[in-house]
2 protein chains.
Amino acid sequence: MHPRIIDTLKRRQLSITDSRKKILELFLERKAALAHADIEQHSGDEFDRVTIYRTLQTFVEKGILHTIPSADNSVKYALCKDACTEGHHHDNHVHFMCDACGITYCLDHVTVPAVQLPPGYQVHQLDLVASGTCIKCQ
Amino acid sequence: MHPRIIDTLKRRQLSITDSRKKILELFLERKAALAHADIEQHSGDEFDRVTIYRTLQTFVEKGILHTIPSADNSVKYALCKDACTEGHHHDNHVHFMCDACGITYCLDHVTVPAVQLPPGYQVHQLDLVASGTCIKCQ
DNA sequence: ACACAAATGCAACTTTGTTGCAAAATAAAT
DNA sequence: ATTTATTTTGCAACAAAGTTGCATTTGTGT
(Lines give C-alpha, C1' and ligand atoms only; values in the text may rest on other atoms or scores of the structure.)
Protein backbone atom coordinates (compact mmCIF):
# COMPACT_ATOMS: atom_id res chain seq x y z
CA MET A 1 0.00 0.00 0.00
CA HIS A 2 1.19 3.44 -0.89
CA PRO A 3 2.65 5.16 2.18
CA ARG A 4 0.77 8.40 1.65
CA ILE A 5 -2.67 6.87 1.89
CA ILE A 6 -3.10 6.68 5.63
CA ASP A 7 -1.61 10.07 6.13
CA THR A 8 -3.84 11.69 3.52
CA LEU A 9 -6.97 10.34 5.17
CA LYS A 10 -5.92 11.07 8.74
CA ARG A 11 -5.06 14.65 8.01
CA ARG A 12 -8.66 15.19 6.89
CA GLN A 13 -10.07 13.31 9.88
CA LEU A 14 -11.60 10.70 7.66
CA SER A 15 -12.14 7.16 8.89
CA ILE A 16 -9.74 4.74 7.30
CA THR A 17 -11.84 2.24 5.41
CA ASP A 18 -11.18 -0.35 2.76
CA SER A 19 -12.94 1.53 -0.01
CA ARG A 20 -11.17 4.78 0.68
CA LYS A 21 -7.80 3.11 0.80
CA LYS A 22 -8.43 1.23 -2.41
CA ILE A 23 -9.76 4.20 -4.34
CA LEU A 24 -6.94 6.45 -3.21
CA GLU A 25 -4.46 3.80 -4.20
CA LEU A 26 -5.96 3.60 -7.68
CA PHE A 27 -5.36 7.30 -8.19
CA LEU A 28 -1.87 7.20 -6.76
CA GLU A 29 -0.69 4.37 -8.94
CA ARG A 30 -2.37 5.43 -12.18
CA LYS A 31 -1.35 9.06 -12.15
CA ALA A 32 -4.20 9.89 -14.49
CA ALA A 33 -7.72 11.13 -14.08
CA LEU A 34 -10.42 8.54 -13.51
CA ALA A 35 -14.15 8.62 -14.05
CA HIS A 36 -16.60 6.94 -11.75
CA ALA A 37 -16.97 4.12 -14.28
CA ASP A 38 -13.20 3.52 -14.37
CA ILE A 39 -13.11 3.08 -10.65
CA GLU A 40 -16.05 0.75 -10.67
CA GLN A 41 -14.26 -1.45 -13.18
CA HIS A 42 -10.87 -1.45 -11.55
CA SER A 43 -12.10 -2.10 -8.07
CA GLY A 44 -13.76 -5.27 -9.33
CA ASP A 45 -17.15 -5.40 -7.62
CA GLU A 46 -15.42 -4.93 -4.32
CA PHE A 47 -17.61 -2.03 -3.33
CA ASP A 48 -21.10 -0.86 -3.91
CA ARG A 49 -21.67 1.76 -6.59
CA VAL A 50 -23.13 4.04 -3.97
CA THR A 51 -19.99 3.81 -1.88
CA ILE A 52 -17.90 4.93 -4.82
CA TYR A 53 -20.15 7.90 -5.43
CA ARG A 54 -19.97 8.90 -1.80
CA THR A 55 -16.24 8.39 -1.57
CA LEU A 56 -15.56 10.54 -4.61
CA GLN A 57 -17.81 13.24 -3.26
CA THR A 58 -16.07 13.21 0.11
CA PHE A 59 -12.64 13.32 -1.50
CA VAL A 60 -13.62 16.36 -3.55
CA GLU A 61 -15.03 18.14 -0.51
CA LYS A 62 -11.88 17.43 1.48
CA GLY A 63 -9.55 18.57 -1.27
CA ILE A 64 -8.10 15.17 -2.04
CA LEU A 65 -9.51 15.09 -5.55
CA HIS A 66 -10.64 17.73 -7.99
CA THR A 67 -12.99 17.40 -10.93
CA ILE A 68 -12.02 17.94 -14.53
CA PRO A 69 -14.68 19.39 -16.78
CA SER A 70 -15.47 17.65 -20.03
CA ALA A 71 -17.70 18.25 -22.99
CA ASP A 72 -19.16 14.76 -23.04
CA ASN A 73 -20.91 14.37 -19.73
CA SER A 74 -18.20 12.26 -18.18
CA VAL A 75 -16.63 14.13 -15.31
CA LYS A 76 -13.24 12.84 -14.32
CA TYR A 77 -11.44 13.11 -11.02
CA ALA A 78 -7.78 13.64 -10.34
CA LEU A 79 -5.56 13.98 -7.31
CA CYS A 80 -4.98 17.42 -5.94
CA LYS A 81 -1.51 18.45 -5.11
CA ASP A 82 -0.93 18.75 -1.40
CA ALA A 83 -1.02 22.50 -1.55
CA CYS A 84 -4.70 22.40 -2.38
CA THR A 85 -7.03 23.68 0.22
CA GLU A 86 -10.27 21.93 0.91
CA GLY A 87 -13.03 22.48 -1.58
CA HIS A 88 -11.17 23.54 -4.68
CA HIS A 89 -7.80 23.33 -6.29
CA HIS A 90 -6.19 26.67 -6.58
CA ASP A 91 -3.14 25.94 -8.58
CA ASN A 92 -4.92 26.24 -11.92
CA HIS A 93 -2.98 23.74 -13.91
CA VAL A 94 -3.88 22.61 -17.41
CA HIS A 95 -5.65 19.34 -18.17
CA PHE A 96 -4.99 17.29 -21.24
CA MET A 97 -7.37 14.77 -22.69
CA CYS A 98 -6.07 12.44 -25.37
CA ASP A 99 -8.52 11.74 -28.17
CA ALA A 100 -6.72 8.51 -29.07
CA CYS A 101 -6.29 6.67 -25.77
CA GLY A 102 -8.91 8.57 -23.84
CA ILE A 103 -6.62 9.20 -20.90
CA THR A 104 -6.81 12.51 -19.12
CA TYR A 105 -3.74 13.96 -17.42
CA CYS A 106 -3.07 16.88 -15.16
CA LEU A 107 -0.20 18.85 -16.59
CA ASP A 108 0.94 20.08 -13.23
CA HIS A 109 3.75 22.18 -14.58
CA VAL A 110 1.73 24.06 -17.15
CA THR A 111 -0.17 26.90 -15.58
CA VAL A 112 -3.19 28.59 -17.03
CA PRO A 113 -2.20 31.97 -18.46
CA ALA A 114 -4.05 35.02 -17.23
CA VAL A 115 -7.07 36.08 -19.24
CA GLN A 116 -8.40 39.56 -19.47
CA LEU A 117 -12.15 39.44 -18.91
CA PRO A 118 -14.54 42.29 -19.62
CA PRO A 119 -15.03 44.67 -16.68
CA GLY A 120 -17.57 43.46 -14.15
CA TYR A 121 -16.71 39.80 -14.28
CA GLN A 122 -15.05 38.31 -11.22
CA VAL A 123 -13.23 35.06 -11.78
CA HIS A 124 -12.97 32.53 -8.97
CA GLN A 125 -11.75 29.62 -10.99
CA LEU A 126 -10.20 28.98 -14.37
CA ASP A 127 -10.30 25.60 -16.05
CA LEU A 128 -8.33 24.94 -19.15
CA VAL A 129 -8.82 21.63 -20.91
CA ALA A 130 -6.73 20.84 -23.91
CA SER A 131 -7.48 17.87 -26.09
CA GLY A 132 -5.52 16.25 -28.82
CA THR A 133 -2.89 13.55 -29.06
CA CYS A 134 -0.77 12.69 -26.06
CA ILE A 135 2.88 11.82 -26.02
CA LYS A 136 2.25 8.07 -26.04
CA CYS A 137 -0.18 8.10 -28.95
CA GLN A 138 1.83 10.05 -31.53
CA MET B 1 -39.77 34.26 -35.52
CA HIS B 2 -36.18 35.33 -35.75
CA PRO B 3 -35.23 35.99 -39.39
CA ARG B 4 -32.02 33.97 -39.25
CA ILE B 5 -33.69 30.70 -38.35
CA ILE B 6 -34.82 29.51 -41.77
CA ASP B 7 -31.59 30.58 -43.36
CA THR B 8 -29.46 28.79 -40.77
CA LEU B 9 -31.29 25.53 -41.35
CA LYS B 10 -31.42 25.77 -45.13
CA ARG B 11 -27.74 26.45 -45.43
CA ARG B 12 -27.09 23.11 -43.74
CA GLN B 13 -29.68 21.30 -45.84
CA LEU B 14 -31.75 20.48 -42.79
CA SER B 15 -35.48 20.05 -43.02
CA ILE B 16 -37.35 22.91 -41.47
CA THR B 17 -39.37 21.47 -38.64
CA ASP B 18 -41.22 22.89 -35.66
CA SER B 19 -38.78 21.55 -33.09
CA ARG B 20 -35.73 22.83 -34.88
CA LYS B 21 -37.24 26.26 -35.34
CA LYS B 22 -38.29 26.45 -31.72
CA ILE B 23 -34.98 25.27 -30.30
CA LEU B 24 -32.98 27.59 -32.51
CA GLU B 25 -35.22 30.46 -31.48
CA LEU B 26 -34.59 29.70 -27.81
CA PHE B 27 -30.87 30.06 -28.31
CA LEU B 28 -31.19 33.18 -30.41
CA GLU B 29 -33.35 35.04 -27.94
CA ARG B 30 -31.60 33.98 -24.75
CA LYS B 31 -28.05 34.62 -25.85
CA ALA B 32 -26.76 32.25 -23.22
CA ALA B 33 -25.80 28.61 -23.12
CA LEU B 34 -28.56 26.08 -22.48
CA ALA B 35 -28.49 22.56 -21.18
CA HIS B 36 -30.77 19.85 -22.42
CA ALA B 37 -32.90 20.27 -19.30
CA ASP B 38 -33.31 24.00 -19.88
CA ILE B 39 -34.65 23.37 -23.34
CA GLU B 40 -37.00 20.71 -22.12
CA GLN B 41 -38.46 23.17 -19.62
CA HIS B 42 -38.72 26.15 -21.90
CA SER B 43 -40.26 24.30 -24.78
CA GLY B 44 -43.07 23.20 -22.48
CA ASP B 45 -43.75 19.57 -23.33
CA GLU B 46 -44.05 20.53 -26.94
CA PHE B 47 -41.57 17.95 -28.10
CA ASP B 48 -40.42 14.55 -27.07
CA ARG B 49 -37.25 14.31 -25.03
CA VAL B 50 -35.73 12.16 -27.73
CA THR B 51 -36.36 14.82 -30.34
CA ILE B 52 -34.48 17.36 -28.26
CA TYR B 53 -31.52 15.04 -27.87
CA ARG B 54 -31.41 14.39 -31.58
CA THR B 55 -31.85 18.02 -32.51
CA LEU B 56 -28.99 19.10 -30.26
CA GLN B 57 -26.80 16.39 -31.69
CA THR B 58 -27.61 17.41 -35.24
CA PHE B 59 -26.97 21.06 -34.50
CA VAL B 60 -23.57 20.25 -33.04
CA GLU B 61 -22.64 18.12 -36.04
CA LYS B 62 -23.70 20.84 -38.44
CA GLY B 63 -21.82 23.56 -36.62
CA ILE B 64 -24.87 25.45 -35.40
CA LEU B 65 -24.13 24.77 -31.74
CA HIS B 66 -21.01 23.93 -29.79
CA THR B 67 -20.72 22.23 -26.42
CA ILE B 68 -19.30 23.83 -23.33
CA PRO B 69 -17.53 21.52 -20.91
CA SER B 70 -18.51 21.59 -17.27
CA ALA B 71 -17.36 19.96 -14.10
CA ASP B 72 -20.79 18.91 -12.95
CA ASN B 73 -22.05 16.55 -15.59
CA SER B 74 -24.27 19.08 -17.26
CA VAL B 75 -23.00 19.86 -20.71
CA LYS B 76 -24.32 23.10 -22.10
CA TYR B 77 -24.78 24.17 -25.67
CA ALA B 78 -24.30 27.57 -27.24
CA LEU B 79 -24.64 29.08 -30.67
CA CYS B 80 -21.62 29.08 -32.91
CA LYS B 81 -20.69 32.21 -34.66
CA ASP B 82 -21.32 32.08 -38.39
CA ALA B 83 -17.68 31.64 -39.13
CA CYS B 84 -17.72 28.20 -37.52
CA THR B 85 -17.21 25.30 -39.80
CA GLU B 86 -19.19 22.14 -39.37
CA GLY B 87 -18.14 19.91 -36.54
CA HIS B 88 -16.27 22.22 -34.22
CA HIS B 89 -15.94 25.83 -33.37
CA HIS B 90 -12.53 27.12 -34.20
CA ASP B 91 -12.59 30.53 -32.72
CA ASN B 92 -11.61 29.37 -29.24
CA HIS B 93 -13.40 31.93 -27.19
CA VAL B 94 -13.66 31.85 -23.41
CA HIS B 95 -16.74 30.64 -21.56
CA PHE B 96 -17.96 32.12 -18.33
CA MET B 97 -20.19 30.35 -15.85
CA CYS B 98 -21.72 32.42 -13.08
CA ASP B 99 -21.85 30.69 -9.72
CA ALA B 100 -24.66 32.95 -8.56
CA CYS B 101 -27.23 32.86 -11.35
CA GLY B 102 -25.96 29.71 -13.03
CA ILE B 103 -25.98 31.28 -16.48
CA THR B 104 -23.19 30.38 -18.87
CA TYR B 105 -22.07 32.89 -21.48
CA CYS B 106 -19.75 32.82 -24.44
CA LEU B 107 -17.33 35.68 -24.14
CA ASP B 108 -16.92 36.04 -27.86
CA HIS B 109 -14.35 38.76 -27.65
CA VAL B 110 -12.02 37.06 -25.20
CA THR B 111 -9.79 34.56 -26.90
CA VAL B 112 -8.02 31.69 -25.24
CA PRO B 113 -4.34 32.54 -24.82
CA ALA B 114 -1.75 30.18 -26.20
CA VAL B 115 -0.35 27.63 -23.81
CA GLN B 116 3.02 26.03 -23.97
CA LEU B 117 2.56 22.29 -23.59
CA PRO B 118 5.37 19.82 -22.94
CA PRO B 119 7.00 18.46 -26.10
CA GLY B 120 5.13 15.56 -27.64
CA TYR B 121 1.62 16.81 -26.97
CA GLN B 122 -0.42 17.88 -29.96
CA VAL B 123 -3.36 20.11 -29.20
CA HIS B 124 -6.44 20.00 -31.38
CA GLN B 125 -8.76 21.96 -29.17
CA LEU B 126 -8.51 24.28 -26.20
CA ASP B 127 -11.41 24.95 -23.87
CA LEU B 128 -11.21 27.60 -21.24
CA VAL B 129 -14.06 27.86 -18.75
CA ALA B 130 -13.96 30.61 -16.19
CA SER B 131 -16.37 30.64 -13.30
CA GLY B 132 -17.18 33.29 -10.77
CA THR B 133 -19.60 36.18 -10.54
CA CYS B 134 -21.04 37.70 -13.67
CA ILE B 135 -21.71 41.32 -14.34
CA LYS B 136 -25.37 41.11 -13.32
CA CYS B 137 -24.74 39.33 -10.03
CA GLN B 138 -22.13 41.62 -8.46
C1' DA C 1 -13.78 -4.33 25.71
C1' DC C 2 -17.27 -1.00 25.27
C1' DA C 3 -19.98 2.87 23.64
C1' DC C 4 -20.41 6.15 20.22
C1' DA C 5 -19.87 7.84 15.64
C1' DA C 6 -19.17 7.14 10.90
C1' DA C 7 -19.32 4.53 6.66
C1' DT C 8 -21.20 0.80 3.97
C1' DG C 9 -24.55 -2.06 1.45
C1' DC C 10 -28.99 -2.80 0.00
C1' DA C 11 -33.28 -1.66 -2.08
C1' DA C 12 -35.97 1.29 -4.25
C1' DC C 13 -36.27 5.12 -6.91
C1' DT C 14 -35.36 9.25 -10.14
C1' DT C 15 -33.07 11.20 -13.80
C1' DT C 16 -30.58 11.01 -18.00
C1' DG C 17 -29.48 9.17 -22.31
C1' DT C 18 -30.07 5.48 -26.22
C1' DT C 19 -32.22 2.48 -29.89
C1' DG C 20 -35.60 0.49 -33.20
C1' DC C 21 -39.53 1.16 -35.59
C1' DA C 22 -44.07 2.76 -37.18
C1' DA C 23 -46.40 7.11 -38.11
C1' DA C 24 -46.19 11.78 -39.45
C1' DA C 25 -44.18 15.71 -41.58
C1' DT C 26 -41.19 17.74 -44.97
C1' DA C 27 -38.94 17.98 -49.48
C1' DA C 28 -38.59 16.71 -54.22
C1' DA C 29 -40.56 15.27 -58.55
C1' DT C 30 -44.05 15.00 -61.78
C1' DA D 1 -51.45 20.43 -56.98
C1' DT D 2 -50.80 15.72 -56.23
C1' DT D 3 -47.91 11.93 -55.67
C1' DT D 4 -43.53 9.76 -54.32
C1' DA D 5 -39.46 9.58 -51.73
C1' DT D 6 -36.89 11.09 -47.88
C1' DT D 7 -36.37 12.82 -43.42
C1' DT D 8 -37.88 13.60 -38.83
C1' DT D 9 -40.74 12.66 -35.01
C1' DG D 10 -42.98 10.20 -31.11
C1' DC D 11 -43.56 6.15 -28.72
C1' DA D 12 -42.06 2.29 -26.17
C1' DA D 13 -38.78 -0.14 -24.21
C1' DC D 14 -34.50 -0.15 -22.45
C1' DA D 15 -29.77 0.97 -20.38
C1' DA D 16 -26.97 3.76 -17.71
C1' DA D 17 -26.08 7.12 -14.19
C1' DG D 18 -27.00 9.14 -9.94
C1' DT D 19 -29.75 9.75 -5.35
C1' DT D 20 -31.97 8.72 -0.79
C1' DG D 21 -33.34 6.36 3.53
C1' DC D 22 -32.38 3.02 6.63
C1' DA D 23 -30.59 -1.11 8.90
C1' DT D 24 -26.14 -3.26 9.51
C1' DT D 25 -21.36 -3.17 9.78
C1' DT D 26 -17.02 -1.09 10.56
C1' DG D 27 -13.89 2.17 12.67
C1' DT D 28 -12.53 5.44 16.58
C1' DG D 29 -11.68 6.98 21.12
C1' DT D 30 -11.94 5.98 25.95
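Atoms considered below: every heavy atom in the structure, side chains included; atoms not considered: hydrogens, waters and symmetry mates. Proteins get letters first, then strands, A, B, ... in listed order; numbering begins at 1 in each.
Taking CG of L9(A) as the reference point, atom CD1 of I64(A) lies at 5.5 Å (rounded to 0.5 Å). The line from OG1 of T17(B) to CD1 of I23(B) is 8.0 Å long, rounded to the nearest 0.5 Å.
Across the protein-nucleic acid pair, D48(B) atom CG and dA12(D) atom P stand 10 Å apart, rounded to whole Å. Atom CG in L14(B) sits roughly 10 Å away from atom C1' in dT7(D) (whole-Å rounding). Counting to the nearest Å, the C1' atom of dA16(D) and the CG atom of D72(A) are 15 Å from each other. Per the geometry, CD1 belonging to I52(A) stands 17 Å off P belonging to dA7(C), to the nearest Å. The CG atom of L56(B) sits 14 Å away from the P atom of dT16(C) (whole-angstrom rounding). Between the CD atom of Q41(A) and the P atom of dA16(D) there is a distance of 12 Å, rounded to whole Å. Rounded to an integer number of Å, the gap from F59(A) CZ to dA7(C) C1' is 12 Å. Rounded to whole Å, atom P of dT28(D) lies 9 Å from atom CD1 of I6(A).
Taking the charged nitrogens against the carboxylate oxygens, D18(A) and K22(A) have no contact shorter than 4.0 Å, which rules out a salt bridge.
Distance from the side chain of R20(B) is smallest for dT8(D) among the nucleotides dT20(D), dT8(D), dA7(C). For I16(B), the listed nucleotide lying nearest its side chain is dA27(C); candidates were dA27(C), dT8(C), dT9(D).
Residue T17(B) places no side-chain N or O under 4.0 Å from the OP1 or OP2 atom of dT8(D). In this structure, S15(B) does not reach the dT6(D) phosphate: none of its side-chain N or O atoms is under 4.0 Å from OP1 or OP2. An OP1 or OP2 oxygen of dT8(C) is reached within less than 4.0 angstrom by a side-chain nitrogen or oxygen of S19(A). For the pair T55(A) and dA7(C), the criterion of a side-chain N or O lying under 4.0 Å from OP1 or OP2 is not met.
A donor-acceptor distance shorter than 3.5 angstrom exists from the side chain of H66(B) to the backbone of A78(B), with no hydrogens or angles considered.
Residue T58(A) is out of contact with every strand shown, counting any heavy-atom pair closer than 4.0 Å. Base contact: R49(A) has a heavy atom under 4.0 Å from a base atom.
In terms of polar N and O atoms assigned as donor or acceptor, the side chain of R54(A) comes within less than 3.5 Å of the base of dG9(C) in a complementary pairing.
Each of N73(B) and D18(B) has a nearest nucleotide on DNA chain C; the 5'-most of these lies closest to N73(B). Mapping V50(B) and K21(B) onto DNA chain C by nearest heavy atom places V50(B) at the nucleotide closer to the 5' end.
Ring orientation note: the planes of H36(A) and Y53(A) are close to parallel, at an angle under 30° on the 30°/60° scale.
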